[in-house]
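Comments concern the structure below.
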Amino acid sequence: AQSVTQLDSQVPVFEEAPVELRCNYSSSVSVYLFWYVQYPNQGLQLLLKYLSGSTLVKGINGFEAEFNKSQTSFHLRKPSVHISDTAEYFCAVSGYGGNTPLVFGKGTRLSVIA
Amino acid sequence: EPEVTQTPSHQVTQMGQEVILRCVPISNHLYFYWYRQILGQKVEFLVSFYNNEISEKSEIFDDQFSVERPDGSNFTLKIRSTKLEDSAMYFCASKATETQYFGPGTRLLVL
């Protein structure tokens, strides 16, 4: 079984400042890792994913994340945030295998302040 | 770009009534999922479906829930007798390989 911990439930940050949203996971097997974003009153949109290969992955809207196997982390970063980045961000993991469901963290609400 | 679609976007129902939530997965995807998100909480897995049968379900997915793929395009979630605690956003997702793509959700309110 897997579990995901997002350490920060809310992160306020000023516009154009950098941000890091933290995600740690626990799993007895190898996993795929994902970040999804949920804008107000909308569904879940894939931001980026780590499947294999380079541990630094780049996603949409200037976000990137780094997979650290030894620390079982997959932190999300952006060097300069915009007001439009205000949203809920969910880290998720899944095991390998066709039907494996996603296990989500509780989410981090990013609020960008002008 | 292909998308997962869901209908209705909102549904209000009385406790004890049956509801059917509908999803149209991306056309070449073979794996289908339902998740729910109670207001202010995390997204929780309900059920996965592959090759016309349930492949995995969570403890939330009890006898009140059922899923069906009635034709080649639709994927439905039925709640037989709704309870107040079924009020949530329900998301459908589909995938071809590793990555699940989500629909916009159906917000269900049980009164």
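Letters A, B, ... are given to chains in the order of the sequence lines, protein chains preceding strands, and every chain is numbered from 1. Worth saying up front: this structure is predicted, and the values here are computed from it rather than measured.
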Worksheet entry | chain B-proximal positions within residues 54-71 of chain A [heavy-atom distance under 4.5 Å] | none
For the hydrophobic clusters of this structure (ILVMFWY residues joined by side-chain heavy atoms under 4.5 Å, transitively), does one cluster hold both [X] and [Y]?
{"X": "A:L47", "Y": "A:F90", "result": "no"}
{"X": "B:F65", "Y": "B:F75", "result": "yes"}
{"X": "B:I60", "Y": "B:F102", "result": "no"}
{"X": "B:F32", "Y": "B:F45", "result": "no"}
{"X": "B:F91", "Y": "B:I54", "result": "no"}

Item to complete: Counting only heavy atoms closer than 4.5 Å, note whether A:L44 contacts chain B via side chain, backbone, both or neither.
Response: both
Practice prompt. Measure A:L102 against the heavy atoms of chain B and call it side chain, backbone, both or neither at under 4.5 Å.
Written response: both
Worksheet item: Taking every heavy-atom pair that is under 4.5 Å apart, which of B:L30, B:V47, B:V43 has the most such pairs with chain A?
Response: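 Result: the option with the highest number of such pairs is B:V43.
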Worksheet item: With chain B, which of A:G105, A:A92, A:P101 has the greatest number of heavy-atom pairs at distances under 4.5 Å?
Response: A:P101
Between chain A and chain B, donor-acceptor distances below 3.5 angstrom:
from: A:Y36; atom 1: OH; to: B:Q100; atom 2: O; distance (Å): 2.7
from: A:Q38; atom 1: OE1; to: B:Q37; atom 2: NE2; distance (Å): 3.4
from: A:Q38; atom 1: NE2; to: B:Q37; atom 2: OE1; distance (Å): 3.2
from: A:K49; atom 1: NZ; to: B:T99; atom 2: OG1; distance (Å): 2.9
from: A:G98; atom 1: O; to: B:Y33; atom 2: OH; distance (Å): 3.3
from: A:G98; atom 1: O; to: B:K95; atom 2: NZ; distance (Å): 2.8
from: A:N99; atom 1: ND2; to: B:S55; atom 2: OG; distance (Å): 3.4
from: A:L102; atom 1: N; to: B:Y35; atom 2: OH; distance (Å): 2.9

Worksheet item: For B:L39, does the CG atom have more than 12 heavy-atom neighbours from other residues, nucleotides or ligands under 6.0 Å away?
Response: no
